[in-house]
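Below, chains carry the letters A, B, ... as their sequence lines are ordered, and counting in each starts from 1.
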2 protein chains.
Amino acid sequence: MTIRVLLADDHEFYRSGFRSALETQPDLECVADVGDGLAAVREIARLRPDVAVLDVRMPRMDGLAAAESVLSSGSGCKIVLLTTYDEDGYVYRALQAGASGFCLKSMPTDELLGAIRIAARGDALIDPSVTRRLVTRFSAGLAPASASATRPPAALDRLTPREREILLEIARGRSNAEIATHLFVGEQTVKTHVSHVLTKLGLRDRIQAVIYAYENALLPRSP
Amino acid sequence: MTIRVLLADDHEFYRSGFRSALETQPDLECVADVGDGLAAVREIARLRPDVAVLDVRMPRMDGLAAAESVLSSGSGCKIVLLTTYDEDGYVYRALQAGASGFCLKSMPTDELLGAIRIAARGDALIDPSVTRRLVTRFSAGLAPASASATRPPAALDRLTPREREILLEIARGRSNAEIATHLFVGEQTVKTHVSHVLTKLGLRDRIQAVIYAYENALLPRSP
DNA sequence: TTTCCCCTCCCCCGCGAGAGGGAGAAACGT
DNA sequence: ACGTTTCTCCCTCTCGCGGGGGAGGGGAAA
């Protein structure tokens, strides 16, 4: 009984490499590979794979939204999320959605294949470096970032959703070019958003924005 | 640089088998093996191993209590918990105590050795079948929180006092000119220090330095 | 339909930042 | 005495950042 796998990633090379790796495994079969989240949701509904491997960063619909859509549909398809960035915020959304895996792309091929098999049998695997963050959080206590305690400063409400997203990207230390790549827009666009964020929040430069984000608990304060 | 390991388990045969397995690994060294939790706590304090592998079920003091004792002592010793029973209640206590691993005894030898290495480098590994329960709980509604870690940043020791001072100034969002004024030195001097700080800490720019400072709790929470 | 907001992208321009050199003067331990 | 480390200051050069404009498209409200 082979495990039917679907892959969604926006990098063509990555997908072809992934397919090649799967072909060497007698128990794994890649039924489709797509380049964005929307296509992933559609193809999963059509082909009903056992496991879907989704990149977090994708055009049109990101992996998290796609995972939530698939998992709430009750199709029984297991989800393994992939990311090049060990964003722990993503882990929580993924876990809350019921994902069966959260792995870094830097993970060795055989380990990733193992993660797929683990997901297929109903278990779950989280990348060790991500697990560490999880443990740190657990040992620190509880309470979701969205709930209790901290009140959002009124100035934040003046930001558009996109601008808030940009603010978080800035706070993670990314350059304009990096933000552009990660959000699939041009660098000029990013510069415009950054400029608006700084103006609306009355900040001098992106460094002040980083400090602003930390002081206002927009970022979890833990390594 | 070998990883120094301590084992605590109440089965004599298991301990000897564990020692044998470690002897085949050039990077792992078993500094002691004990048969109960109380002895584990005492020997960990005396021998200061890098990683302690503790069985959950032990006489006198169980592995969880021992783990909590060791982890709260701030010795820096990492804890990997072992159990034959995948009780998720144990996992939660272990994670809340700050354990770096939670593995089943049924785990293959090489994977357990891998878990020790993972723990030694500061990451964490949870057995996949246990992770699955974790995910179930997460998706059921639990949520974590902002954390506070007590971690000694080793790279900081490579900085001179002046450079540490500069790092704090950077983290406060000051420009080179402002730092110069504040510290009564020339801006060129500041630029030199900043450059050294970035080089020594392996950071790309001052923005990463700000993030570094926050993540390593170099700044008191001010808001 | 018109108006407004949001997102997207483009231009030029000035400036601070950081790299990559070098160099002098203390203070330190030997 | 000596070398090492630290702190100080200087140069040039490149590049990213941010401000100042403008502009088009789409969606939602009026």
Rounded to the nearest Å, what distance is computed from the [atom1] atom of residue [X] to the [atom2] atom of nucleotide [N]?
{"X": "B:Glu169", "N": "D:dC7", "atom1": "CD", "atom2": "C1'", "answer": "16 Å"}
{"X": "B:Ile179", "N": "D:dC7", "atom1": "CD1", "atom2": "P", "answer": "15 Å"}
{"X": "A:Glu163", "N": "C:dC7", "atom1": "CD", "atom2": "C1'", "answer": "10 Å"}
{"X": "A:Glu165", "N": "C:dT8", "atom1": "CD", "atom2": "P", "answer": "9 Å"}

Discussion item. With hydrogens left out and only the distance checked, is there a donor-acceptor pair under 3.5 Å joining A:Thr192's side chain and the base of C:dC7?
Written reply: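 No, no donor-acceptor pair under 3.5 Å.
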
Strictly below 4.0 Å: does [X] bring a side-chain N or O up to OP1 or OP2 of [N]?
{"X": "B:Thr160", "N": "D:dT5", "result": "no"}
{"X": "B:His193", "N": "D:dC7", "result": "no"}
{"X": "A:Arg162", "N": "C:dC5", "result": "no"}
{"X": "B:Thr189", "N": "D:dC9", "result": "yes"}

Discussion item. Between A:Arg206 and A:Arg174 (side chain of the first, backbone of the second, donor and acceptor by atom type, cut-off under 3.5 Å), is there such a pair?
Written reply: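 Yes, because the side chain of A:Arg206 sits within donor-acceptor range (under 3.5 Å) of the backbone of A:Arg174.
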
Worksheet item: Is a donor on one side and an acceptor on the other found under 3.5 Å between the side chain of B:Thr199 and the backbone of B:Ser195?
Response: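 Pair found, side chain donor or acceptor close to backbone of B:Ser195.
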
Fill in: Minimum heavy-atom distance between A:Ala32 and A:Leu47, given as atom pair plus value
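That would be CB-CD1, 3.5 Å.
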
Worksheet item: If you look at every heavy atom in A:Leu113 and A:Ala21, which pair is closest and at what distance?
Response: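 Minimum heavy-atom separation between A:Leu113 and A:Ala21: CD1-O, 4.4 Å.
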
Discussion item. Among B:Leu183, B:Thr189, B:Thr160, B:Leu159, which residue satisfies the side-chain contact (heavy atoms from CB on, under 4.5 Å) criterion with B:Ile166?
Written reply: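 The residue from B:Leu183, B:Thr189, B:Thr160, B:Leu159 that satisfies side-chain contact (heavy atoms from CB on, under 4.5 Å) with B:Ile166 turns out to be B:Leu183.
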
Discussion item. Could you check whether B:Arg172 pairs with B:Glu178 (Lys NZ or Arg NE/NH1/NH2 to Asp/Glu carboxylate O, under 4.0 Å)?
Written reply: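 Salt bridge between B:Arg172 and B:Glu178, a charged N being under 4.0 Å from a carboxylate O: no.
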
What nitrogen or oxygen pairs link the protein and nucleotides 15-19 of chain C at under 3.5 Å?
{"unit_1": "C:dA17", "atom_1": "OP1", "unit_2": "B:Asn176", "atom_2": "N", "d": "3.2"}
{"unit_1": "C:dA17", "atom_1": "OP2", "unit_2": "B:Asn176", "atom_2": "ND2", "d": "3.3"}
{"unit_1": "C:dG18", "atom_1": "OP1", "unit_2": "B:Arg206", "atom_2": "N", "d": "2.7"}
{"unit_1": "C:dG18", "atom_1": "OP2", "unit_2": "B:Arg206", "atom_2": "NH1", "d": "2.6"}
{"unit_1": "C:dG18", "atom_1": "N7", "unit_2": "B:Lys191", "atom_2": "NZ", "d": "3.1"}
{"unit_1": "C:dG18", "atom_1": "O6", "unit_2": "B:Lys191", "atom_2": "NZ", "d": "2.9"}
{"unit_1": "C:dA19", "atom_1": "OP2", "unit_2": "B:Ser195", "atom_2": "OG", "d": "2.8"}

